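What follows is a single structure, written as structure tokens, with notes after it.
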Amino acid sequence: MTGCLEKDFVFQFKNGSQKSCLTVPLRLPLECSARDLRGRLVAAHNLPCYVEDELLHQLEEFIAVETSKLQDENAENSLKALETGGKSAEDKAEIWAQAFARECTRYSDPEAANKDHQFAMTYHALIHSSALETLLNLEHTYAVANGDVINHRENARKNLEDKQHQEMESAMQGLGVTHTDEQVNTLAQKHFDSTQKLEVQWDHEVCNLQTTQRDEYREWVRQVHQDMEHSNGNRTTIQRIRAMSDAVDKGSDDNNEPEEQPRLEESFTIHLGAQMKTMHNIRLMRAHPLDLCRHKPNKIGGTKPQRLQTALSLYSNTLCGLVLLVDNRVNAYTGIKRDFSSACQQSTDFHFPALQDQFSSIQEDLVRANSCRMARQAAREEEEENGSSGSADSEKSKSKSFSDLNRLQAGDFYITRHSNLAEVHVVFHLVADDSLRSTNINARNPTILGLRSILKVACRHDILTLTVPLLLVHEMGEEMTVQWCLKRAELIFKCIKGFMMEMASWGGTESRTIQFMVPEGISDEMFHQFSNMLPQIFRVSTPLDLSKAK
């Protein structure tokens with residue numbers, strides 16, 4: 001290898017009245033530490049224990065001196081190669097400057113911003129200008145068009161399911177008379193193929209529509225931003241933008257959307273810390289987690305305050321996050337994951353990749369992360385068992401590792417980013433298992449530790465509002481009695497309080513909002529019990545009534 005050198009290390013020591021000498025060839029620069037090398041030499045040559053300190057001292061001295069000589073020699077050879085080269089001093093200086101700039105980011109030129117970064121800067125400038133209304137009305141128009149296609153897809157799917165149900169029911173009634181088992185199986189396969197074909201057809205149409213909307217929206221944002229920069233706030237340009245807002249098609253005047261029911265909420269202001277107190281907001285609400293995600297645009301136009309706030313804070317340090325409890329697979333096929341995917345498809349995401357694209361990227365990272373996790377686990381087990389493992393156990397471990405590479409463990413979470421949801425920018429998909437339905441969980445439960453990691457990530461990445469399921473479930477079950485709910489709520493309240501007090505060591509000193517969400521099946525009486533419990537755990541601010549002050 002270029003720049004390496006082999007040197008003999010000589011170590012002399014006394015073994016009683018007899019003098020001994022150890023000569024070992026060493027390849028410099030050394031790839032391991034002197035302490036590790038000392039251990040290898042003692043084990044390989046059966047050296048007495050009383051010479052270990054002296055051996056380490058001489059090794060460190062030998063390595064330091066010889067490595068310095070080798071580096072000086074390599075530097076001299078490099079300088080001679082530069083002097084004897086055919087390039088001029090100016091060319092050599094230019095090469096050195098470029099290499100130094102590439103090595104030290106302090107002196108390197110800023111990288112050219114990619115299209116996504118440029119669009120983010122443009123959008124942030126435009127959403128905080130007079131073009132705000134126009135921008136949101138355009139998003140509203142695209143959302144209505146996308147929602148119409150989604151509704152057509154659902155209608156087509158329902159019609160096909162009804163038709164197939166009638167055909168299958170007729171075939172089962174005539175089984176053995178007009179239809180044989182083979183014909184019924186063929187009919188079932190035909191229905192499956194028809195369903196898959198319909199799904200692919202409509203998914204392709206929705207994807208094409210959203211891609212077209214995304215390109216048109218980005219081009220529109222770019223052109224309007226250029227016009228505003230060239231006009232320098234000219235009144236004519238502002239009036240033209242407002243005219244464009246009036247010209248945007250806001251859909252039909254019919255508003256058949258049902259009115260939203262008000263949420264049951266209660267807010268508190270708390271203080272944490274003994275000396276350096278920080279103030280935070282705690283909100284207790286009864287709702288479904290997807291109510292924070294679903295954005296139902298009004299047919300007559302207009303923007304809801306929550307959606308307006310979400311758009312204004314998209315590229316800011318006041319982001320909003322939601323914790324969603326999911327299973328150990330990264331997909332959107334079942335349960336609340338499927339409903340969440342449907343909410344994401346209701347409108348086009350103009351800023352971030354589609355949900356399925358984010359899932360694909362997460363799945364690739366998951367395989368690599370699980371491979372590292374399995375390697376560390378295997379090394380730890382090998383160290384504990386001193387390498388004594390049978391072939392059968394090894395094969396079993398390999399098969400288990402292969403099946404677990406694509407799955408998460410309880411307490412793991414993955415993050416998706418969104419710009420088209422109602423009140424959420426970031427969604428933490430936290431993996432939970434059936435142990436959460438037990439009454440015996442404690443603060444060391446993997447899911448609760450996952451909440452701690454989520455709060456740590458939120459603290460370090462400007463997510464100031466975080467919504468957490470208080471009972472660690474999204475829907476009520478038969479086993480969830482009053483005592484079960486009160487015990488679980490007390491545990492989560494205390495754990496979150498402890499995690500929030502740790503935020504000072506994580507670098508989070510800003511005022512934050514933690515929203516505890518309880519399932520919709522909770523009664524008003526239970527909700528008020530949670531509300532009364534919260535001030536007993538958190539230090540709630542006491543308001544001062546100035547009207548009674550004298």
Side-chain angles (χ1 to χ4, degrees), residues 115-116 118-156 202-228 240-257 290 292-315 340-358 416-425:
K115 292 183 178 180
D116 291 338
Q118 290 178 348
F119 174 73
M121 297 175 62
T122 302
Y123 175 85
H124 184 72
L126 210 59
I127 200 69
H128 291 84
S129 68
S130 58
L132 167 64
E133 184 180 359
T134 309
L135 202 61
L136 294 179
N137 283 337
L138 182 61
E139 292 182 3
H140 160 75
T141 303
Y142 283 145
V144 171
N146 187 84
D148 291 340
V149 176
I150 296 294
N151 291 334
H152 290 322
R153 182 186 66 179
E154 296 301 324
N155 292 334
W202 279 105
D203 288 346
H204 183 69
E205 184 168 348
V206 172
C207 181
N208 288 340
L209 174 63
Q210 294 186 350
T211 301
T212 303
Q213 290 183 351
R214 181 185 177 95
D215 295 340
E216 291 179 355
Y217 181 86
R218 290 194 166 212
E219 179 63 21
W220 185 90
V221 168
R222 186 186 65 81
Q223 291 181 357
V224 172
H225 185 261
Q226 288 181 353
D227 293 343
M228 294 189 66
R240 182 160 55 87
I241 292 176
R242 291 177 178 174
M244 293 169 60
S245 176
D246 296 336
V248 171
D249 182 15
K250 299 181 182 179
S252 172
D253 292 337
D254 296 332
N255 186 7
N256 298 323
E257 296 292 334
L290 295 186
L292 304 181
C293 303
R294 295 190 180 99
H295 171 55
K296 297 180 180 179
N298 299 323
K299 293 294 185 180
I300 60 174
T303 304
K304 298 180 180 180
Q306 294 87 351
R307 174 57 188 156
L308 178 62
Q309 179 62 29
T310 304
L312 289 173
S313 59
L314 180 59
Y315 295 102
F340 174 73
S341 176
S342 300
C344 293
Q345 288 185 348
Q346 289 298 320
S347 59
T348 304
D349 196 322
F350 302 108
H351 302 264
F352 304 113
L355 183 63
Q356 292 299 330
D357 296 336
Q358 295 191 50
T416 55
R417 303 169 297 162
H418 309 274
S419 67
N420 58 337
L421 301 182
E423 304 177 41
V424 175
H425 301 108

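Residues take their numbers from the sequence shown, with the count starting at 1. Quick caveat: nothing in here was measured; it's all calculated off a predicted structure.
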- Considering residues, nucleotides and ligands other than H128, do more than 12 of their heavy atoms fall under 6.0 Å from its NE2?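 Yes, enclosed.
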
- Could you list the residues that satisfy salt bridge (charged side-chain N to carboxylate O under 4.0 Å, His left out) with E216, not counting sequence neighbours?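 So E216 forms no salt bridge (charged side-chain N to carboxylate O under 4.0 Å, His left out) with any residue.
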
Inter-residue atom distance [X].[atom1] - [Y].[atom2], 0.5 Å rounding:
X: I127; Y: T122; atom1: CD1; atom2: OG1; answer: 12.5 Å
X: L292; Y: E423; atom1: CG; atom2: CD; answer: 5.0 Å
X: Q356; Y: S341; atom1: CD; atom2: OG; answer: 5.5 Å
X: Q118; Y: R218; atom1: CD; atom2: CZ; answer: 10.5 Å
X: C344; Y: R294; atom1: SG; atom2: CZ; answer: 10.5 Å
X: D215; Y: W220; atom1: CG; atom2: CH2; answer: 16.0 Å

Can you sort out the partners of [X] under side chain to side chain donor-acceptor pair (under 3.5 Å), two or more places apart, ordered by chain and number?
X: Q358; value: none
X: Q210; value: N146
X: N208; value: H204
X: H351; value: Y315

Quick check against the 3.5 Å criterion: does [X] have a side-chain atom that pairs as donor or acceptor with the backbone of [Y]?
X: D357; Y: P353; result: no
X: Q213; Y: Y142; result: yes
X: R214; Y: D349; result: yes

- Query: Is there a side-chain contact (heavy atoms from CB on, under 4.5 Å) between Q345 and L355 once you walk through the steps?
  - Reply: CA-CA 9 Å; Q345 288 185 348; L355 183 63; over 6 Å; no

- Message: Side chains of S419 and H425, heavy atoms from C-beta outward: is any pair under 4.5 Å?
- Response: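 Answer no - side chains too far apart.
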
- Do F352 and D116 have side chains that get closer than 4.5 Å, going by heavy atoms?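 They are not in side-chain contact.
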
- Pair D227-R222, salt bridge (Lys or Arg N to Asp or Glu O under 4.0 Å): steps then yes or no: CA-CA 9 Å; D227 293 343; R222 186 186 65 81; over 6 Å; no

Shortest non-hydrogen contact between [X] and [Y], atoms and distance:
X: A145; Y: L209; result: O-CD2, 4.1 Å
X: V149; Y: W202; result: O-CZ3, 3.9 Å
X: L136; Y: A311; result: CD2-CB, 4.0 Å
X: N420; Y: S347; result: ND2-O, 2.8 Å
X: A125; Y: S129; result: O-CB, 3.6 Å

- Message: Checking C293 against H418 for the side-chain contact (heavy atoms from CB on, under 4.5 Å) test, could you report, in this order, the C-alpha distance in whole Å, the side-chain angles of both residues, the deciding distance, and whether it holds?
- Response: CA-CA 10 Å; C293 303; H418 309 274; over 6 Å; no

- Qualifying salt bridge (charged side-chain N to carboxylate O under 4.0 Å, His left out) pairs with a residue from residues 202-213, counting only residues at least two apart or across chains: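 Sorted pair list: R153-D203.
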
- Message: side-chain contact (heavy atoms from CB on, under 4.5 Å) for T348 and Y217? Distances and angles first, verdict last.
- Response: CA-CA 10 Å; T348 304; Y217 181 86; over 6 Å; no

- Item | Qualifying residue, where the test is side-chain contact (heavy atoms from CB on, under 4.5 Å) with L312 and the options are L314, L308, T310 |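 Single side-chain contact (heavy atoms from CB on, under 4.5 Å) partner of L312 among L314, L308, T310: L308.
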
- Message: Are F119 and H124 an aromatic pair, judged by ring center distance below 6.0 Å?
- Response: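 No, ring centres 6.0 Å or more apart.
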
